[in-house]
Amino acid sequence: MKRLFLSCSSLLLLTLLLGTPGTVHAQVEVVPAPDARPSPIQMAATSLGDTFIKVVYGSPRKRDREIFGGLVPFGEVWRTGANEATEILLTGPVMFGSAHVQPGIYSVFTIPTEDSWTVILNSVVGQWGAFSHDTEADVHRIEVPATTVNQMHEAFTIGFAEGTDSRTEMILNWDRTEVRIPIMAH
């Protein structure tokens with residue numbers, strides 16, 4: 001529990017120090033211990049030169065369900081994980097797909113389809129799910145291909161490909177679907 005608290009404190013401190021284009025919602029909430037959550041909180045991080053990138057997300061499990069086109073409907077905004085909306089921290093400017101993105105903390109939403117996904121960076125952080133997603137707060141929308149892979153992923157995961165000092169890919173995997181978002185340092 002202490003590790004989660006430090007992570008959230010770090011995000012808040014960086015938000016205050018960096019300033020963000022978004023709104024930070026302060027609220028007190030009792031979060032169950034990570035092992036008590038059916039979709040545990042996960043984190044992925046990488047660095048591109050002096051820019052640190054961290055993604056915090058809920059990791060749901062397949063559990064013999066049809067995922068994309070079923071549990072996660074095609075053509076609808078998804079929180080890109082479970083429970084709280086996925087959030088990404090960028091400490092420096094990057095090219096996120098085709099978008100020039102400034103340092104800050106953003107919620108990450110997606111709109112999956114069979115062949116491609118729209119990836120949305122939204123300026124409102126601290127959201128629960130996609131229930132209150134406000135398109136007016138969308139900072140960037142990019143389109144990336146979705147591919148079918150041979151390996152089945154029981155858990156939804158976000159990670160980063162081994163890249164160079166200036167380029168990587170953020171990789172989303174669940175079931176047999178993979179989405180790769182190119183990220184380059186500015």
Side-chain angles (χ1 to χ4, degrees), residues 1-12 15 22-46 53-90 96 105-114 116-135 137-139 141-142 144 146-149 151-160 169-181:
M1 186 63 153
K2 184 175 183 181
R3 185 173 40 181
L4 176 62
F5 174 75
L6 291 174
S7 175
C8 292
S9 297
S10 298
L11 283 174
L12 181 59
T15 300
T23 306
V24 176
H25 295 278
Q27 61 183 352
V28 176
E29 181 178 337
V30 177
V31 178
D35 59 343
R37 294 174 68 126
S39 301
I41 294 174
Q42 300 292 317
M43 182 188 78
T46 193
I53 303 169
K54 179 168 71 171
V55 179
V56 179
Y57 64 99
S59 177
R61 304 304 190 258
K62 180 173 169 43
R63 295 189 180 98
D64 295 320
R65 299 176 288 187
E66 178 186 356
I67 300 302
F68 298 109
L71 179 65
V72 178
F74 286 133
E76 294 183 19
V77 174
W78 179 45
R79 67 185 97 193
T80 318
N83 304 320
E84 302 87 354
T86 294
E87 293 182 358
I88 187 169
L89 163 72
L90 305 166
F96 188 84
I105 302 173
Y106 302 89
S107 290
V108 179
F109 296 103
T110 50
I111 303 173
T113 68
E114 288 186 63
S116 66
W117 284 22
T118 300
V119 181
I120 304 165
L121 296 182
N122 184 280
S123 62
V124 180
V125 297
Q127 299 183 60
W128 183 264
F131 305 109
S132 60
H133 171 249
D134 178 4
T135 58
D138 291 349
V139 178
R141 285 180 173 232
I142 63 167
V144 292
T147 59
T148 300
V149 294
Q151 181 181 358
M152 201 284 291
H153 294 267
E154 174 66 24
F156 172 70
T157 60
I158 298 177
F160 293 97
E169 290 178 308
M170 187 167 85
I171 304 170
L172 289 63
N173 284 109
W174 200 14
D175 195 4
R176 294 190 187 277
T177 299
E178 181 172 279
V179 173
R180 291 177 170 258
I181 304 158

Any non-hydrogen side-chain atom of Ile53 less than 4.5 Å from a side-chain atom of Met170? no
Would you please name every residue forming a side-chain hydrogen bond (donor to acceptor under 3.5 Å, both in side chains) with Glu114, sequence neighbours left out? none
In Å and rounded to the nearest 0.5 Å, what is the CD1 to CG distance from Ile142 to Leu121? 7.0 Å
Could you report the tightest heavy-atom contact between Gly81 and Thr86, atom names first, then the distance? N-OG1, 4.2 Å
For side-chain contact (heavy atoms from CB on, under 4.5 Å), just list the numbers for Gln127 and Asn122, CA-CA rounded to whole Å, side-chain angles, deciding distance to a tenth of an Å, and then say yes or no. CA-CA 10 Å; Gln127 299 183 60; Asn122 184 280; 3.3 Å; yes
Which residues pass the side chain to side chain contact (heavy atoms under 4.5 Å, CB included) test with Thr113, sequence neighbours left out? Ser116
Please collect all salt bridge (Lys or Arg N to Asp or Glu O under 4.0 Å) contacts where either partner lies in residues 169-178, sequence neighbours excluded, each pair once. Lys62-Asp175, Glu169-Arg180, Glu178-Arg180
Contacts of Arg141 that satisfy side-chain hydrogen bond (donor to acceptor under 3.5 Å, both in side chains) - sequence neighbours left out: Asp138
By ring-ring contact (aromatic ring centres under 6.0 Å, His included), which residues pair with His133, not counting sequence neighbours? Phe109
Do Ile67 and Phe156 touch side chain to side chain, with heavy atoms closer than 4.5 Å? no
Would you sort out whether Trp117 and Leu172 count as a side-chain contact (heavy atoms from CB on, under 4.5 Å), showing the intermediate values? CA-CA 11 Å; Trp117 284 22; Leu172 289 63; 3.8 Å; yes
Trp128 versus Phe131, closest heavy-atom pair with distance: O-CD1, 3.4 Å
Check side chain to side chain contact (heavy atoms under 4.5 Å, CB included) between Glu76 and all other residues, then give those that pass, not counting sequence neighbours. Pro73
Residues forming a side-chain hydrogen bond (donor to acceptor under 3.5 Å, both in side chains) with Thr118, sequence neighbours excluded: Glu143
Residue list, side-chain hydrogen bond (donor to acceptor under 3.5 Å, both in side chains) with Thr110, at least two apart or on another chain: Thr80
From Asn83 atom CG to Ile41 atom CD1, the distance as rounded to the nearest 0.5 Å: 7.5 Å
Could you tell me which residues satisfy side chain to side chain contact (heavy atoms under 4.5 Å, CB included) with Ser59, sequence neighbours excluded, listed by chain and number? Gln42, Tyr57, Arg61, Ala155
To check you understand the geometry: which heavy-atom pair defines the closest contact between Trp174 and His153, and what is its length? CD1-O, 3.4 Å
Side-chain donor or acceptor of Glu87 paired with backbone N/O of Val55 under 3.5 Å: no
Would you call the rings of Phe68 and Trp78 parallel, tilted or perpendicular, where under 30° means parallel and over 60° means perpendicular? perpendicular
Between Ser107 (side chain only) and Val124 (backbone N and O only), is there a donor and an acceptor less than 3.5 Å apart? yes
